[in-house]
Every structure is written in structure tokens, then in C-alpha cells.
Trainee: 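Encoded as C-alpha cells, here's the structure I'll be asking about.
The first residue of the sequence shown is numbered 1, and numbering continues consecutively from there.
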Amino acid sequence: MLRSLFVVALAALAGTASASSSLEVHHSHHSRVERGPARLDRLSERSVAEVSSTYAWIGCYADSQTTRSLPYAYTQTSTMTPAQCLSHCAAAGYAYAGVEYYFQCWCGSSLTAATVDSAQCNAPCYGNASLSCGGTTTPVLDVYQYVTVASTTAASTAGTTHLGCYADSQTDRALPDAYTQTSSMTPAQCVSHCASAGYAYAGVEYYYQCWCGNSLSAAALDSAKCNAPCKGDTGVTCGGSTTAALDVYIAAASSSSSSSPSSTTSKAATTSSSTTSTSTSKSTSSTSTTTTSVTANPTSTAGTSFLGCYADNTAARVLPSGYTQTSTMTPAQCVSHCKAAGYTYAGVEYYYQCWCGNSLTATKIADSTCNAACKGDAGVACGGSTTAALDVYMAAASSSTTTSTTKTTTTTSTTKTTTSTTTTSTAATTTAYALSATSNAAATLVTTTTAPQSTTSTKALYAHVIVGNTYGYAAAEWASEIAEAQAAGIDGFAMNLGAAQYEYDSISYAYPAAAAAGFKMFFSFDFTAFSCSSYADGQTVANLINQYKGSSAQATYNGKTLVSTFSGDACYFGQGSVADGWNNVVRALVGSMFLVPSIFSDVSTFSAATWFDGELNWNSGWPMGSADLTTASDVSYIAALGSKTYMPAVSPCFFTYYGASSYNKDWIYRSDNWLLATRMEALIGMRNSFPFVELISWNDFGESHYIGPIAIDTNQPSSSSWVDGFPHTAWLGLLAYYAPALKTGVYPAPTDQLYLWSRPHSKNATPSAPTNPKPTYWDYTDDNLYAIAILASPATVTVTSGTNYATYYLNKGVNKIALASAVGTITGKIVRNGATVKSYDSTGAFSYTATPVDYNFNYFVASA
């Protein structure tokens, strides 16, 4: 598919020596960093008065990349100033703030580092060049100390009653419901939110989060653990900053407390592992005692008839049907669910699970084995906590059972009456391999994978790297990213090279690092940023190839130096035709070249062309329309190339968002239905048709298809607004599963893995302050959370997006899930034999929103 070319003027590069044009031409598929003039070497003075009246500069201090002097709350920005860093660290509750290397900010609660000569802190801050931000070449910090640190003890504020600091868990929330967050969060605001939603307890956490619930069974912590100043009032705390901890408040009267002192309302921290427990309530002003019991063999409760505790088997369920789960599970809720679905028996298990069935042939076991306190009512049990065991109830009349047996292990038991709402499950689309399934929203399950084509040859997987986005890279940076790539099964980097001097400098570190690691590299000359009009331009290309061809890191094919391009079908190199121009390049080479460019010419010209050996099909990585990607483009290219070599592309997604005054690129390609996985599967199924594959890309941030680590803002092409906070490195783990099948024809033995990715807002959303028009092709995508669970053996997999959920009991292997997106966080977990083996919760990192500020069709990617 042909794409337009356009020209963007570059600011002069200090120290750049190049025979190329002073203009960079940007093809629609690349976003490169444009760099301004070099900064001053050092500063003549530091103006503390311009920094902050609440901090004092205390000196220049030594730092270390392996043992940070101020190790916490790191942030970076291309507009960094000391004041910005101080504000960030103060908001996070730290006493010290340090700026370093032009744009970095570090925080800490103590400082034991050695002072150094202040002249070593000579890096002008990116946000204010009259102030220094640490060292330029030496790891040193400009350190400031906060004079008046926010209070670290939360006090009762208007209309609130503080109970204390309690432990929380991202996988098992102490207060699991009605989550909200705001940049103006206070305890009073959270209490109001939870009270209006009908909850008894409110908890604030991590500066700006609010959680609600009707029971509190978490452990009380030292109040010092709750040390995060609230975003809306830094004089009080909102839970833990680095520890998962909640400041808990009373939102409304709780029916589970039998008494409370007049000076405060207390809530018991109930122990759920025994049949009867006495617990002490912790509050900010007094202590009271309440009694509650977990009934290991529950009595019949509203509309239920208890049959007993029965052994279960995760591989062959006793009650195998109608599975559902909820954070408010009670026996009554499960009975209602199974009865509505027409089943005879209902069984609750592992705190929050519900199973249904029409027959019961399992072994009845000791009642004490069913000891897990129900999530929706800690006074009754929901099956086993560590043993696969069900508390079984009658859901409807059965001819085989006419009476029920109930037994309690305590003479006095307090049981709450729980009002619960049963959600009718919507059947998910599944294959026969889904052993059971339930969801409350549109969901799709695919459990098929493509069998590899058998072949005796090993294929290579290369990743496309924009060298223009590696400014300042030296041996350590290259070694680190090469190691990440190798771990994912990537064999080498295709080095997209422009004409800037710093790119040549970066290459000089990259090749030795690759050689040391047994990694491969080859040039991919970017002729949208590299002149190819003159004879001298051709000699520059040849000289670069000659310079590195002798490296053990240089990739070869058929004994020839492998070379690629981005564009290049209009490169005459001062000759009368493209073929003659490239022939001049070849004549200047020491040895031979195997040229596989990515050009955008009519495929009908490929077979007759004499100047290249193969073709990289750049646009084969994404669908060019509203339907999912097929191999039609691959088939077309292979046929057109004849005896020439084919290189297909694979990519995880595509979104670019530049306005008319910039690169003028504002569109998406459809990236739905697990694009990275399904494309890898398609290539695995046709691996006899090519010797290598190119992954697009490792670090093209401007087009959002990066799979490597996110670069600092100054190594992004003005893309931080849609890239920062949207990591993609989790996809490397998924790639590591597919790479062996692509390269050798054999899938690895599956181990438990979970991957989730989601866009941050609906395609139909209207931002409050959009930078550019709505991206072209916005309606080609779907509003889904995508998940892939790779299972070592059968397990239950649950994914959520906001209030939407889907749960499947799945077989060993690859299982792909799509769930309709909803406002809120995303989560996922794998549960086997009652134990959670993998889990992820995006709280604090990502939340799907209905009210975005700007358009962003990038994906947030996570794994467990």
C-alpha cells in the first residue's frame, strides 16, 4: 500500500558532520527524534530562590546506578526543573528530592551518600537551563531537603471516623467494591462516596484511591505504614505510598459490630480461619471487642438447605456447571444463581466461587475442611480455603434428597443477613475446550493455535530498531536491551539508520555489545532520513556496510552481508537509474551484499527488478481495513517475487497522533483480536515460505508498536503524551512463547502465563481537550480487553474490565479471551486447585475511562 512522503525541517545538530541534506524526509511509517542545539556544559550559579521556599538545596551528592542514593518515586520529563521534582517528591511524602542528568528526579526519606564538589553538578535542567540538574557524565545529584513535610498521621476530618491503617492486597482487596480515584482525593470525599453507595466502610490508599466495602477482615498495621499524603489534602494521609495499606474510615453503621465506644465507631478485624473468633477492633481513639463466627458447616440461611462439605476435584468438578464468582458471594446468592439456571445443587468454594449441577456423587468429608469465610458474609463458610472442597446446598427439589443436615460447631453464632443481587450470566462464545464459562458482558474465547509447518531449516526473528531514538546510548544501554530481546527469542536488530552523527555514535556501541552477546545486527537504511541522490551518498552507504561487515554481530544470509532499507526505490545515487545507482554501491563493497529493502512499489515490478534480492513486506504487519489480518498480502508478495526472498512483518498494534504542524500522521490500523499472537500463528503456519521475519518494532514510539522499554521523553519523537504510562514489554513474554515455534517448528512446553492489554477509552469517546482531530480509521477497532492465558494444566481463568467479567475453566495450552471494556481497572488471574497461581491488577497503573482528556488508541499491556 503506497503512502505519501513529506518533508520536515530539522533543527541544526551541534557537532553533526554529514554529507546528507539538512532536511529529513519522514515516511508515514517512521517517527524519529528531532534534536535541537547542544546545551551548555555547565552553569555559573544556582538560584535556589527560584526553586522552592519549602526546600533547601543541601549540596551535590554522589549517586550510583546500582545503589541509588535516593531510590524512590523516580520520574522523568523533558521539562524537568528542581521545583518540579520537589513538588513530585513532596506529594509522595519524601523528605529529600534529587535531580540528575538533565531530566531525572529521584526521592528518598534519608540520605547517606557522600558530598562531592558542586562543580560536578553541571547539567543544565531541561526545563530551566539556568539551573543545574545533577551531573552530565558523572552520576551525581543536586539534592534538596524538604523543610515542612506533610503530616504522616491521618486525623479524623469533618464527618469522618478513622479506624486505623489496615493491610491490603492487589489480588484480594480488603475493601473490594465501588473503586474510584481523583487527583483531589481526601478521606471525607471517599467516605461520602462510599456512604452514598450504601457501604459501611471507606478506605483511602496510594495518595488518590478510594475503596468501599461492607466487611473488614484485614490485619491492622502500624499507622506509620499509612504515610501517603492525600492528593486533595497533604495534611492527612491516604494509605501507603510503597506498601499496600488502607486508611479505613466508617462510612455507615455496620451490622456486624455488636458494640462500639461512644467516642468512635469501631470495626472488627475478623479472623476467618477458625469456626469462632474473638477480635479486637482498632481505632484512633479507643479499643472495643466484638464477637463473630465463621460457621464451618453453615446453618440454612434465607432460602437455602445445607447438605454438607464435599470433596471436589479441579480436574473433574463435582458440580461442573454454571460457574460464577463475585466479591459478594454468599450461599444464598449461589443457590439463587443455580436455581435460576435450572440446577438441583449449588456449591460454594474458595471464598467467592459458585458451582452448579444436577447430580451429587462426591465423597462427604469432615465439616471442618470447609473453612473459607464467604466474601459476601464472613459469618458463614464458602468451601475450602486450601483444600478443594464444596459447601453444597439444595437449589431445587431432588427426588434423591428429601432432608438436609445442618451442624454448627459453636453454641452461639452471629450471622448477618446479606442482601445480594444475582447477576444473570451471558453465555460467552467458546470452543469445546472451555470446560465451563460465565460472563456478564460480551466475551469471546478462542483456544485453537496453528500447527507449525515442518521444515529442516531454522528461521531468524529480527526486530526493527529506530537508531534515531537511541540518543546517548552507550555499551550499557545496548547490552541491556539486547539481553531483553534475546530473552524474548529475538535473534537480532534491524538498525534503522538516518543521517545524524549521534546515530553513528550509537551504532559504534551497538555492534560490539551485540558481538559480546552473540546477537546479530544489520543496517536498514532509512531513505526518508538519509540522502541517496548523489554518488557520494552511495559511497557513504557502502563505507558503513564495509565498516561493520567484519563484526561477528553482522547478520548474513547465504554467505552475504544482510542489508535492508526503509524506502529506497527512488535512490539513483547520482546515476541514470535506480539499478545503476545500487550497482555503484555494490562495486564499492568489500564482499557481497544480500539486499532486502522495504519499498512501496507496485508488486508486479518485483520479479523483473535486478537491484535487490528480496523484499520486506512492511505493511503485512497490520490489516489495511476494518477486518482482521489475513495472509493475502503475504501470498501476493511471494507470488510477485518469484525466485526472490520474502521477509514478512509482524507487529502488535499501530497508532500515531501527530498534527498538521508536525508529522501530520493521525490514524490507527486495526490491532484487535490478539494481533501479535494471531500474526505469529499465521507465520508459523507458513514458515516454509521465508527465511526470516521482522518484528515492527522494538522502539518506534511515535507509531505505538514498540515492544521494548519506553525511552526517556528526549528519545521519543514528541510521542510521550500517548506512550508514557503505556508499557508494552509484557508482550516480550508472549513473543518468547511463539518464537521457538516460528524458528524451529516446535512450540515450547506451556507454563502458566497471563497477558492482558487494553486501550484507555472507548473509540466513541469525546475527549475534553483533544490535541488533534479524531484519528482516521478510529471506527476500525473494537472496545475490548484482550487476554491470553497459557496454561500448564487445566485451571480457572478470570479477567475483568471495570464491572465486566468473564470466567472460564480451561484446558492446557493457549487460550485467548476478549471481554467488552468497561470503566475501571483491568484484572486477571489463574486459579488451580483453589490456589491463585498468577494474578494481575492494574490499580494505580491503568484505568479505562469514559472521560479522556485527549485521544489515545495505544494499548496498556501487562502480564503475570
Side-chain angles (χ1 to χ4, degrees), residues 28-31 75-79 181-183 208 469 622 651-676 696-697 699-713 715-731 755-787 801-802 818-826 842-862:
S28 62
H29 281 287
H30 274 108
S31 306
T75 188
Q76 61 184 41
T77 172
S78 59
T79 59
Q181 65 182 49
T182 172
S183 59
Y208 58 82
N469 293 346
W622 313 274
S651 186
C653 60
F654 188 106
F655 164 62
T656 185
Y657 190 56
Y658 293 102
S661 62
S662 180
Y663 297 129
N664 197 26
K665 299 163 54 175
D666 183 10
W667 74 82
I668 75 165
Y669 289 145
R670 178 173 171 83
S671 306
D672 297 79
N673 290 339
W674 320 279
L675 177 61
L676 178 62
I696 303 171
S697 66
N699 69 338
D700 193 338
F701 307 106
E703 295 174 356
S704 305
H705 42 63
Y706 54 94
I707 200 169
I710 294 175
I712 58 174
D713 289 358
N715 267 336
Q716 290 188 44
S718 304
S719 57
S720 58
S721 65
W722 65 89
V723 169
D724 288 357
F726 287 81
H728 289 180
T729 50
W731 271 328
Y755 303 94
L756 303 100
W757 59 96
S758 172
R759 288 187 286 99
H761 62 74
S762 168
K763 64 181 180 181
N764 295 305
T766 302
S768 58
T771 303
N772 300 312
K774 198 167 192 174
T776 304
Y777 313 131
W778 64 268
D779 55 340
Y780 283 6
T781 189
D782 301 321
D783 294 331
N784 285 331
L785 163 66
Y786 292 105
S801 177
L819 174 67
S821 296
V823 172
T825 56
I826 60 173
S842 73
T843 300
F846 172 82
S847 186
Y848 190 86
T849 180
T851 56
V853 176
D854 204 351
Y855 290 114
N856 191 349
F857 283 74
N858 194 5
Y859 284 94
F860 174 87
V861 188

Trainee: Could you walk me through whether T729 and I707 satisfy the side-chain contact (heavy atoms from CB on, under 4.5 Å) test, starting with their C-alpha distance in whole Å, then the side-chain angles of each, then the deciding distance to 0.1 Å, before giving a yes or no?
Mentor: CA-CA 5 Å; T729 50; I707 200 169; over 6 Å; no

Trainee: Where do S671 and C653 come nearest, in terms of heavy atoms and distance?
Mentor: OG-CA, 3.1 Å

Trainee: Excluding sequence neighbours, so at least two apart, what forms side-chain hydrogen bond (donor to acceptor under 3.5 Å, both in side chains) with W778?
Mentor: none

Trainee: Apply side-chain contact (heavy atoms from CB on, under 4.5 Å) to T781 and R759, showing your working.
Mentor: CA-CA 10 Å; T781 189; R759 288 187 286 99; 3.4 Å; yes

Trainee: Test Y777 against R670 for side-chain contact (heavy atoms from CB on, under 4.5 Å), laying out the working first.
Mentor: CA-CA 8 Å; Y777 313 131; R670 178 173 171 83; over 6 Å; no

Trainee: Taking all atoms of both residues into account, what is the closest heavy-atom pair of P773 and D666, and its distance?
Mentor: O-OD2, 2.7 Å

Trainee: So how far is it from N772 CG to T656 OG1, rounded to the nearest 0.5 Å?
Mentor: 9.5 Å

Trainee: Keeping T825 on the side-chain end and S847 on the backbone end, is there a donor-acceptor pair under 3.5 Å?
Mentor: no

Trainee: Please confirm whether the backbone N or O of D700 pairs with a side-chain atom of S697, one donor and one acceptor, at under 3.5 Å?
Mentor: yes

Trainee: Minimum heavy-atom separation for Y658 to G702, with atom names?
Mentor: OH-CA, 3.3 Å

Trainee: Over all heavy atoms of both residues, which pair between A862 and A730 is shortest? Give the atoms and the distance, please.
Mentor: C-CB, 3.5 Å

Trainee: Measure up the F655 and F857 rings against each other and bin them: parallel (under 30°), tilted (30 to 60°), perpendicular (over 60°).
Mentor: tilted

Trainee: Among all residues two or more places apart in sequence or in another chain, which pass the side-chain hydrogen bond (donor to acceptor under 3.5 Å, both in side chains) test with S762?
Mentor: D783

Trainee: Which one of D724, N699, N469 satisfies the side chain to side chain donor-acceptor pair (under 3.5 Å) criterion with Q716?
Mentor: D724

Trainee: If you look only at pairs with a residue in residues 849-862, which of them pass as a side-chain hydrogen bond (donor to acceptor under 3.5 Å, both in side chains), with sequence neighbours excluded?
Mentor: Y657-D854, Y706-N858, H728-N858, T771-D854, T849-T851

Trainee: With sequence neighbours excluded, tell me which residues meet side chain to side chain contact (heavy atoms under 4.5 Å, CB included) with S758.
Mentor: L785, S821, I826, F846, Y848

Trainee: Identify the residue among F860, Y755, W757, F726 that makes a ring-ring contact (aromatic ring centres under 6.0 Å, His included) with W731.
Mentor: W757

Trainee: Would you say Y786 and D672 are linked by a side-chain donor-acceptor pair, where the criterion is simply a distance under 3.5 Å?
Mentor: yes

Trainee: S651: what forms a side chain to side chain contact (heavy atoms under 4.5 Å, CB included) with it, not counting sequence neighbours?
Mentor: W622, I696, H705

Trainee: Can you name the residues that form a side-chain hydrogen bond (donor to acceptor under 3.5 Å, both in side chains) with T776, not counting sequence neighbours?
Mentor: none

